[in-house]
Asker: 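I'd like to ask you about the structure that follows.
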Amino acid sequence: MDSFVVKRKRRIGEQSTEFNSEHVTKKSKDDSTETDQGAVHSILWKEIRRENLCCDYTVFYSKHQADELLAECEKKLIYNEGQMARVHLYGKWMEIARKQVAFGDDCLSYRFSGKTVLARPWIPLVQKIKDDITKATGYTFNFVLVNRYKDGHDHIGEHKDDEKDLVFGHPIASLSLGQARDFVFKHQDSRGKKATRDIPTVKLELQHGSLLMMKHPTNSFWYHSLPARKKLINVRINFTFRQMVVKKTC
DNA sequence: TGGTATAAAGCGC
DNA sequence: CGCGCTTTATACC
């Protein structure tokens, strides 16, 4: 069993909606003997399972905690500009419809779509979120890509996370703050006109303060996207914590 | 070395 | 407004 049920010293928030809920099971509390004056609670993960898709979702921070984190992010985060804010796709350089910055251990970088995003040194705000997730899940991370979607016009297209620089099999932890947004998984065999199979898309709504653990082999088989939702006016900031291959040279 | 994939926008419906 | 589909020439195994 791949479950990880972890105790945290806080009450977790409400579960959010997963549209195709018939395939979702809530993880039951295990046979834990934890009795820390009732102050410690197991995280209730919503398990999302399809063929070669394995994700766990929970509301990780209370509204109050998430509000404070979002405010601090808006105050302290500075995003990449210029060449660093573009991708090379289908022969053209394109501006991205969002803002992006990365933090990580010394000398780490992440290459995708013809560009290299260098990690800035960790700052306490981001380090704290990373440490919270590690405490809750047991997984470590040495890199995070931060995407800021200023409103519902900002988005990211269908893609798979580029695995060249990622430690194979390590989960990606996606923490969301701010505007709840739809998040869509589409199986690689069900895309386009010459799809060979008809596998339904999987849609989630990623809530303020939520954590989505994307586990192996999800990213090898499924594309994901954050489609535009043009009526939404509020900002969303997303952190995707990763474990990168550490190279010998800087 | 070639075969393969593409984190984007734009169009039609 | 939202979706599905096409594009395209470079970068990479």
Side-chain angles (χ1 to χ4, degrees), chain A residues 17 19-20 52-53 55 79-104 108-119 141 143-176 179-206 212 214 216-245 247:
Chain A
T17 305
F19 302 153
N20 300 330
N52 290 313
L53 185 151
C55 294
Y79 295 87
N80 293 336
E81 295 175 9
Q83 285 291 335
M84 295 287 286
R86 314 165 97 200
V87 292
H88 197 44
L89 253 195
Y90 296 95
K92 291 175 185 169
W93 284 100
M94 309 274 201
E95 303 293 323
I96 56 174
R98 61 192 176 279
K99 286 187 172 179
Q100 201 166 69
V101 67
F103 300 91
L108 290 182
S109 64
Y110 187 33
R111 290 134 61 216
F112 60 91
S113 296
K115 71 165 176 182
T116 300
V117 181
L118 261 70
F141 305 95
F143 187 95
V144 63
L145 189 64
V146 185
N147 280 289
R148 180 185 187 273
Y149 304 86
K150 68 179 184 303
D151 58 28
H153 289 84
D154 277 4
H155 63 277
I156 192 166
E158 277 181 15
H159 68 283
K160 293 199 269 191
D161 286 352
D162 202 312
E163 290 171 329
K164 288 191 299 292
D165 297 334
L166 299 175
V167 171
F168 184 78
H170 199 277
I172 292 168
S174 171
L175 186 109
S176 299
Q179 176 67 63
R181 291 287 295 263
D182 289 343
F183 188 74
V184 178
F185 286 103
K186 186 168 280 193
H187 194 280
Q188 60 184 11
D189 295 343
S190 291
R191 299 192 332 136
K193 207 148 203 176
K194 8 173 233 257
T196 57
R197 305 179 63 194
D198 185 22
I199 301 173
T201 58
V202 177
K203 299 182 184 185
L204 314 176
E205 189 178 39
L206 301 181
L212 178 70
M214 290 185 280
H216 188 71
T218 306
N219 189 56
S220 300
F221 292 86
W222 293 76
Y223 288 74
H224 57 274
S225 65
L226 189 91
R229 291 290 180 260
K230 297 188 177 176
K231 291 168 186 168
L232 301 178
I233 58 170
N234 292 317
V235 64
R236 169 178 183 261
I237 298 177
N238 179 63
F239 298 79
T240 46
F241 292 91
R242 302 144 190 275
Q243 192 70 35
M244 312 288 293
V245 174
K247 295 180 202 138

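In what follows, chains carry the letters A, B, and so on, assigned in the order in which the sequence lines appear, proteins first and then strands, with residues in each chain numbered from 1.
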Asker: Taking A/N234 for its side chain and A/Q179 for its backbone only, find out whether a donor-acceptor pair lies under 3.5 Å.
Answerer: no

Asker: Specify the closest pair of heavy atoms between A/S225 and A/I156, including all atoms of both residues, with the distance to one decimal.
Answerer: CB-O, 3.5 Å

Asker: To the nearest 0.5 angstrom, please state how far the CD atom of A/Q243 sits from the CZ atom of A/F143.
Answerer: 11.5 Å

Asker: Could you check whether A/Y149 and A/R181, counting side-chain N and O atoms only, form a donor-acceptor pair closer than 3.5 Å?
Answerer: no

Asker: Which pair of heavy atoms, one from A/G104 and one from A/A119, lies closest together, and at what distance?
Answerer: N-CB, 3.3 Å

Asker: Write down the protein N/O and nucleotide N/O pairs, taken from nucleotides 10-13 of chain C, whose separation is under 3.5 Å; answer none if there are no such pairs.
Answerer:
from	atom 1	to	atom 2	distance (Å)
C/dC13	OP2	A/R111	NH2	3.3

Asker: Have a look at A/N147 and say if it touches a base, only the backbone sugar-phosphate, or nothing, with a 4.0 Å heavy-atom cut-off.
Answerer: nothing

Asker: Contact list please: residues 189-197 of chain A against DNA chain C, heavy atoms, distance less than 4.0 Å, in numerical order.
Answerer: A/G192, A/K193

Asker: Roughly how far, to the nearest 0.5 Å, is the CG atom of A/L145 from the CZ atom of A/F103?
Answerer: 10.5 Å

Asker: Check this for me: does any side-chain nitrogen of one of A/D182 and A/K203 sit under 4.0 Å from a carboxylate oxygen of the other?
Answerer: no

Asker: Taking the six-membered ring for Trp, are A/F168 and A/H216 parallel (under 30°), tilted (30 to 60°) or perpendicular (over 60°)?
Answerer: perpendicular

Asker: Go through the structure and list residues passing salt bridge (charged side-chain N to carboxylate O under 4.0 Å, His left out) with A/D162, not counting sequence neighbours.
Answerer: A/K164

Asker: Tell me whether the OP1 or OP2 atom of C/dC3 has a side-chain N or O from A/K186 closer than 4.0 Å.
Answerer: no

Asker: Sort by first number and list every stem of DNA chain B: at least 3 consecutive Watson-Crick or G-U wobble pairs, both distances under 3.5 Å.
Answerer: B:2-6 with C:9-13, B:8-13 with C:2-7

Asker: What's the gap between C/dT8 and C/dC12 when it is taken at their C1' atoms, as a whole Å value?
Answerer: 16 Å

Asker: Could you state the CZ-C1' distance from A/F112 to B/dT6, rounded to the nearest angstrom?
Answerer: 12 Å

Asker: Describe the nucleic acid contact of A/R86 in one word from base, sugar-phosphate, nothing, applying a heavy-atom distance below 4.0 Å.
Answerer: nothing

Asker: If a protein heavy atom is under 4.0 Å from the base, mark B; if only from the sugar-phosphate, S; if neither, -; do that for nucleotides 8-13 of chain B going 5' to 3'.
Answerer: BS----

Asker: Looking at A/V87 and A/K115, what are the two nearest heavy atoms and their distance?
Answerer: CG1-CE, 3.9 Å

Asker: So, for A/E163 and A/S220, which heavy atoms are closest and what is the spacing to 0.1 Å?
Answerer: OE2-OG, 3.3 Å

Asker: Test side-chain contact (heavy atoms from CB on, under 4.5 Å) on A/F185 and A/I199 and set out the steps.
Answerer: CA-CA 10 Å; A/F185 286 103; A/I199 301 173; over 6 Å; no

Asker: Mind checking side chain to side chain donor-acceptor pair (under 3.5 Å) for A/K99 and listing every partner two or more places apart, or none if nothing turns up?
Answerer: none

